[in-house]
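When reading the values below, keep in mind they use all heavy atoms of this one structure, side chains included, and skip hydrogens, waters and symmetry mates. A note on names: the letters A, B, ... follow the listed sequences, proteins ahead of strands, and every chain is numbered from 1.
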Amino acid sequence: MMKLFILSNLQLKKINEIKSIPNVKAVTSRIKSMAMISSANSGTGVTINGIDTTGEKSISDLYTKLIDGSYFDTKLKYPIVIGSKLAEKLKVKVKSKVVITIQDVNGNITYGAFKVVGIFKTFDTMFDQANVFVLGNDLANLISFDENQTSEIAVLLTHNDFTDSVAAKIKNLFRSEIKNGNLVVRTWNEINPILKMLNEMTVQFTMIFVVIILVALSFGIINTMLMAIMERVREIGMLMAIGMSKAKVFLMIMLETIFLSLTGGVLGLFISWIIISITNFTGINLSSVAEGLNSIGYSSFIRPELGIFFYFFIASLVILTAMFASIFPARKALKLKPSEAIRQDV
Amino acid sequence: MSIIKTKELNKIYDVETIPVHAVNNVSLEFEEGEFTAIIGPSGCGKTTLLNLIGGLDTPTSGEVFINGTNITKLNSREIIDFRLRNIGFVFQAYNLVPVLTAKENVEFIMQLQGISKENRESRVLQLFDQIGLKDKLNNRPGKLSGGQQQRVAVARALASKPKFILADEPTANLDSKSTSNLLDIMLKLNEVENTTFIFSTHDSRVIKRARRLITLEDGKVVKDDIVK
Ligand SMILES: Nc1ncnc2c1ncn2[C@@H]1O[C@H](COP(=O)(O)OP(=O)(O)OP(=O)(O)O)[C@@H](O)[C@H]1O
Ligand SMILES: [Mg+2]
């Protein structure tokens with residue numbers, strides 16, 4: 001069974017301190033516990049989340065995922081919001097009654113009746129089946145929590161890049177509690193290592209694609225430059241005849257190749273930047289493959305983003321590729337004999 | 001002392017299959033200030049001989065001395081530098097760099113020689129004055145007539161202050177007016193500046209104005225006349 005961490009009033013004050021850490025976008029507290037949920041038809045184990053509705057809205061967009069009912073926008077007492085998958089399993093609808101069976105802080109089993117007020121459907125079917133949401137106060141009452149006590153603090157950052165630095169700051173803030181074993185600080189990839197692994201794999205696959213594209217690019221460059229040299233055999237022959245050294249001819253062709261690639265590269269990166277900016281704003285809907293993505297916990301609605309580092313990284317790779325690809329055409333040019341090159345008819 | 005001397009020069013193409021004796025035992029001397037035409041029927045070896053003298057090709061046997069230097073003994077890097085500092089070339093098809101202006105085409109060779117910007121500027125102006133194209137300095141070759149392009153090519157050949165200028169059929173692509181115009185300029189440079197010109201030609205109008213006529217036949221010198 002999940003360990004129930006209980007934070008005291010004093011510790012709750014630290015929530016405000018978390019809020020003041022740079023790059024923290026929102027913070028909310030939750031009471032989280034394992035429970036049994038049962039309807040007239042069946043029952044199953046779930047994670048019950050006692051939430052603060054406004055705080056929760058700032059952290060999670062679950063409230064936008066409702067397919068039926070509302071997100072606690074109700075006068076009904078003891079409202080509960082459940083996932084569509086679970087609703088199916090329990091054969092319940094909005095306004096149906098469900099019973100939560102749960103252990104209170106003293107270890108006694110207690111019951112509470114809740115009314116389904118909303119049914120959500122996220123991209124993650126596993127999540128939909130295993131999570132239910134109730135008001136924090138209702139859950140606190142049920143399991144005899146003190147007011148202002150909580151079991152989990154969720155922190156949303158402005159960007160994924162800050163995960164480790166902010167985690168370190170929070171750990172520092174709560175170092176004595178962590179030492180006592182009363183609290184743990186976990187980042188998203190510790191909570192969901194598979195997601196982390198998938199992310200890393202995506203990066204690796206991207207690199208493989210980049211390499212393939214660069215190889216194709218170098219063939220393109222070699223081809224273009226060979227054409228450019230063939231077209232200018234007489235010009236290059238003339239330059240060598242009047243006394244341009246081989247080193248200078250080589251440098252000329254290499255620089256030409258680099259300029260060519262840089263022009264293309266910068267243009268390409270600029271276009272990518274525009275496309276990424278637009279799609280980042282509008283998002284890309286991959287609903288046709290949603291099922292596969294959702295089953296591994298990925299959203300089928302993605303917002304592409306590319307760090308500035310990658311633009312420079314790709315630009316450098318393009319230049320390196322260009323330098324490499326220019327060697328072959330440049331050598332070809334150096335092999336020209338001026339006497340024959342000049343003779344050649346256009 | 002002669003500025004160019006060839007000693008028993010031979011060039012045989014395709015030695016293994018069907019040998020072509022393009023230049024056959026040619027021993028010639030050229031003095032400073034010459035205005036010499038190499039003539040003869042097509043395929044007699046004019047281009048080959050000029051390429052050997054200019055160090056663009058290596059002879060099968062024999063030697064070429066320029067100002068006492070045996071250029072057939074120079075390695076590939078030395079010969080390029082030697083050409084840059086000693087020989088001016090004018091080609092039949094003008095062979096200017098199309099993306100550079102007339103001025104830049106002429107300046108370029110001086111840049112290769114490492115001449116300072118001011119010296120280049122004044123030399124370019126002087127040369128364009130001599131070829132009568134002062135108003136076309138900033139035109140690209142595509143915006144010049146064939147005759148004008150060839151005059152720019154002559155200016156380029158002169159820019160590096162070479163010991164002599166080799167021109168392989170410089171007027172072959174020119175109409176008669178441009179031909180006589182180019183010849184006027186070349187003769188004037190020859191008379192006023194004592195520039196040495198050695199060129200090959202088929203053109204009777206050009207032959208008429210040459211001072212020395214070397215006739216080749218099947219790679220052999222069959223006639224060597226001083227005219228006038
Ligand atoms: N690279 C080469 N390989 C084989 N044979 C060649 C080559 N260059 C020239 N030849 C041959 O050498 C001979 C002399 O050629 P060259 O070009 O010197 O003659 P040319 O007098 O300049 O002729 P033209 O008046 O037509 O320009 C010709 O028979 C030609 O076919
Ligand atoms: Mg010829």
Side-chain angles (χ1 to χ4, degrees), chain A residues 221-267 322 325-346, chain B residues 11 13 22-23 46-59 75-100 105-106 108-114 141 149 153 155-162 165-169 173:
Chain A
I221 292 173
I222 289 173
N223 192 41
T224 309
M225 288 313 290
L226 278 180
M227 287 305 292
I229 286 165
M230 290 310 156
E231 271 172 12
R232 282 160 49 205
V233 161
R234 283 205 321 183
E235 184 186 318
I236 294 166
M238 177 276 290
L239 290 172
M240 296 203 283
I242 66 170
M244 191 162 172
S245 68
K246 291 195 170 193
K248 282 193 175 126
V249 173
F250 194 94
L251 196 70
M252 176 179 87
I253 289 163
M254 184 172 271
L255 283 179
E256 226 174 274
T257 314
I258 291 173
F259 287 143
L260 174 94
S261 315
L262 257 190
T263 315
V266 168
L267 204 71
S326 69
I327 293 171
F328 181 65
R331 282 176 54 118
K332 200 97 187 162
L334 289 186
K335 286 215 182 96
L336 290 174
K337 280 183 72 182
S339 60
E340 281 163 20
I342 292 161
R343 195 190 279 265
Q344 206 164 88
D345 294 321
V346 200
Chain B
K11 179 73 188 183
Y13 289 113
V23 169
K46 305 182 291 293
T47 300
T48 308
L49 178 61
L50 285 175
N51 284 345
L52 291 175
I53 295 173
L56 295 176
D57 214 343
T58 46
N75 68 30
S76 67
R77 191 179 314 156
E78 289 165 337
I79 189 74
I80 290 175
D81 197 58
F82 189 87
R83 286 200 299 261
L84 176 62
R85 298 185 189 280
N86 296 282
I87 311 173
F89 290 94
V90 176
F91 307 100
Q92 179 181 330
Y94 331 131
N95 287 21
L96 300 174
V97 180
V99 294
L100 299 180
N105 264 287
V106 174
F108 177 71
I109 193 163
M110 291 189 272
Q111 258 169 302
L112 288 179
Q113 285 183 317
Q149 286 188 53
R156 181 184 63 196
L158 283 168
S160 58
K161 299 207 166 144
I165 288 178
L166 297 176
D168 189 14
E169 308 205 28
N173 293 2

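At a heavy-atom cut-off of under 4.5 Å, chain B is reached by M240(A), A241(A), I242(A), G243(A), M244(A), S245(A), K246(A), K248(A) from residues 240-248 of chain A, listed in order of number.
R77(B) CZ: 12 or fewer foreign heavy atoms inside a 6.0 Å radius. No more than 12 heavy atoms of other residues, nucleotides or ligands shown are found within 6.0 angstrom of CZ on F259(A).
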Test log, rule side chain to side chain contact (heavy atoms under 4.5 Å, CB included), inputs V97(B) and L239(A): CA-CA 9 Å; V97(B) 180; L239(A) 290 172; 4.2 Å; yes

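The part of T47(B) that comes within reach of chain A is its side chain, from C-beta onward, which places non-hydrogen atoms under 4.5 angstrom from that chain. Within the 4.5 angstrom heavy-atom criterion, only side-chain atoms of F108(B), from C-beta onward, approach chain A. For N51(B), the part sitting under 4.5 Å from any heavy atom of chain A is the side chain, from C-beta outward, and nothing else.
Between the CG atom in L56(B) and the CD1 atom in I342(A) there is a gap of 5.5 Å [rounded to 0.5 Å]. Taking OG from S339(A) and CG from L50(B), the interatomic distance works out to 12.0 Å, rounded to the nearest 0.5 Å.
Using a 4.5 Å cut-off on side-chain heavy atoms (C-beta onward), D57(B) and K337(A) make contact.
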